[in-house]
Amino acid sequence: MESYPRLFIKAGLIYLVLGVILGVSMSFVPAWSIRFVHIHLNLLGFMTMMIAGVAYHVLPRFSARTVPWPGGVKYHFLFHNIGLIGMLITHPFGGMGGGLMGGLFSLFSLIAGIGLLIMFYNLYFVLSDAIPHTKKITGKMTVARVLGQFPQTLDIFLENGFSSLANPTARATLAKVVTVETACQKHGVNSVAFLEKLNLALQGENPKQEPTEKEEPERPAIVSGKEIHHGDLCTADTLVGSLIKTYPATKVVFEKHYGEGCFSCPGQSFEQVQETASMHNIDPKIILDDVNDVINKELKE
Ligand code: HEM
Ligand code: HEM
């Protein structure tokens with residue numbers, strides 16, 4: 001799971017613990033009752049953050065596209081937490097009255113509110129076609145984001161001297177922090193011409209790219225995982241979509257363990273085998289063993 005959804009869920013759970021401790025204290029000593037703090041720890045802290053964390057993880061997979069403002073998730077997290085903590089501190093000390101505390105309370109409320117508006121924007125429009133989703137690669141995007149969203153560009157990177165990207169570890173580490181522009185500078189590649197090549201490839205105008213029957217679905221920026229090629233065995237981080245494409249016979253394993261509904265979900269092609277297993281509360285080893293049995297059988301035939 002990507003870092004911000006995970007952080008939202010962790011933060012939400014911490015607020016739950018604090019909210020419950022306060023609730024229990026309030027029922028023992030009614031004089032300590034700070035209803036506002038209790039309610040907002042539990043509802044604006046725990047519940048809203050849990051919903052945000054799960055939704056940021058699930059909805060891009062449901063709709064098979066990135067949220068319209070991926071960078072905004074970080075701002076949502078910061079604003080939601082800073083606003084909430086500020087509200088919780090200032091409310092009991094006269095936040096609803098005027099004066100300095102009242103002003104501070106309003107300010108923190110505004111900050112939290114902006115955070116929630118960012119959440120609304122990203123989650124509402126990830127489900128909607130009203131906002132055109134980014135189809136253009138810019139120099140400011142990290143290499144990992146470009147590869148995650150437009151996996152077909154990997155060949156172009158490799159052909160233009162970014163050979164280290166052939167290594168999945170480099171794709172999972174270095175590529176996450178280096179922007180396309182910086183990568184070009186480091187490799188002495190003309191970034192304007194290179195970006196043009198990448199963007200032409202998106203429109204299917206790259207002569208080096210093989211024509212495909214169907215356009216690949218756009219992958220969320222947060223996707224990570226390994227493609228599998230014929231002759232390879234499946235590993236925990238293999239992408240299910242790639243696995244099914246290379247070894248269609250392995251589909252039966254997923255149908256057996258997860259049920260047939262799985263394949264109607266567009267997100268399945270962006271998940272790693274281990275992620276799908278943990279989502280269904282099954283030991284990934286069981287799935288891997290079954291999948292590799294099928295692959296071994298197919299390779300021996
Ligand atoms: C063991 C856990 C909890 C305890 C002991 C507890 C205790 C309390 C107490 C004593 C009050 C009354 C405060 C007052 O009227 O002054 C209260 C109100 C409230 N609690 Fe909790 N609480 C717990 C967990 C939660 C959770 C998990 C949520 C939400 C997810 C929650 C939401 C609320 C709300 C919304 C109110 C206000 C209800 C109203 O306006 O009448 N509480 N709680
Ligand atoms: C930026 C977000 C939010 C702000 C600024 C905010 C602000 C407030 C304020 C100013 C009050 C009145 C407090 C008082 O009378 O002393 C209030 C009450 C309340 N809020 Fe929020 N709130 C926010 C989000 C939420 C959310 C997301 C929930 C539930 C999911 C929620 C549930 C409640 C409840 C149940 C009360 C009634 C408390 C009572 O009965 O004393 N709030 N909120």
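For ligands, and for the atoms within them, numbers begin at 1 and follow the listed sequence. Because the structure is a prediction, the values reported are computed rather than measured.
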Protein contact of atom 40 (O) of ligand 2 - nearest heavy atom, named by residue and atom, plus distance: Arg35 NH2, 2.7 Å

Residue and atom name of the nearest protein heavy atom (relative to atom 12 (C) of ligand 2), distance in Å to one decimal: Met96 CE, 4.2 Å

Within-4.5 Å side-chain heavy-atom neighbours: Val20 and Phe46: no

Residues which pass salt bridge (Lys or Arg N to Asp or Glu O under 4.0 Å) with Asp232, listed by chain and number, not counting sequence neighbours: none

Backbone of Thr182 reached by a side-chain donor or acceptor of Thr179 within 3.5 Å: yes

Proximal atoms of ligand 1 relative to Met47 (non-hydrogen, under 4.0 Å): 30 (C)

Using atom types as modelled, flag every donor-acceptor pair under 3.5 Å from a side chain in residues 99-110 to any protein atom, sequence neighbours excluded.
| unit_1 | atom_1 | unit_2 | atom_2 | d |
| --- | --- | --- | --- | --- |
| Ser106 | OG | Gly102 | O | 2.9 |
| Ser109 | OG | Phe105 | O | 2.8 |

Under 3.5 Å donor-acceptor, His40 side chain and Phe36 backbone: yes

Evaluation steps, side chain to side chain contact (heavy atoms under 4.5 Å, CB included), between His91 and Ile34: CA-CA 9 Å; His91 186 274; Ile34 24 179; over 6 Å; no

Top protein contact for atom 16 (O) of ligand 1, by heavy-atom distance: Ser33 OG, 2.6 Å

Close-contact set for ligand 2 against Gly113 heavy atoms, below 4.0 Å: 1 (C)

Element-labelled atoms of ligand 2 that are located less than 4.0 Å from some non-hydrogen atom of Ala112: 1 (C)

Ring centres under 6.0 angstrom apart (Tyr4, Tyr56): no

Donor-acceptor pair, side chain of Thr246 and main chain of Ser242, under 3.5 angstrom: yes

Protein residue, atom and distance nearest to atom 29 (C) of ligand 1, heavy-atom basis: Asn42 CB, 3.4 Å

Distance filter under 4.0 Å to Ser109 heavy atoms, resulting ligand 2 atoms: 1 (C), 5 (C)

For Glu181, salt bridge (Lys or Arg N to Asp or Glu O under 4.0 Å) partners two or more places apart: Lys140

Donor-acceptor pair, side chain of Ser27 and main chain of Val24, under 3.5 angstrom: yes

Exam field: side chain Asn292 to backbone Cys234, donor-acceptor pair closer than 3.5 Å: yes

Atom indices of ligand 1 within 4.0 angstrom of Val20 heavy atoms, with elements: 1 (C), 2 (C)

Salt-bridge criterion met for Lys285 and Asp289 (N-O under 4.0 Å): yes

Flag, side chain of His57 to backbone of Arg6, donor-acceptor distance under 3.5 Å: no

Protein N/O/S atoms closer than 2.8 Å to atom 21 (Fe) of ligand 2: His40 NE2

Close N or O approach (His91, ligand 2; < 3.5 Å): yes

Option with minimal heavy-atom separation from atom 4 (C) of ligand 1, where the choices are Pro30, Ser27, Gly23, Ser25: Gly23

Nearest option to atom 22 (N) of ligand 1, as decided by whichever heavy atom of His38, Met26, Met50 sits closest: His38

Non-hydrogen atom of Phe105 closer than 4.0 Å to ligand 2: yes

Where ligand 2 meets Met87 - atom numbers and elements under 4.0 angstrom, heavy-atom basis: 3 (C), 4 (C), 5 (C), 6 (C)

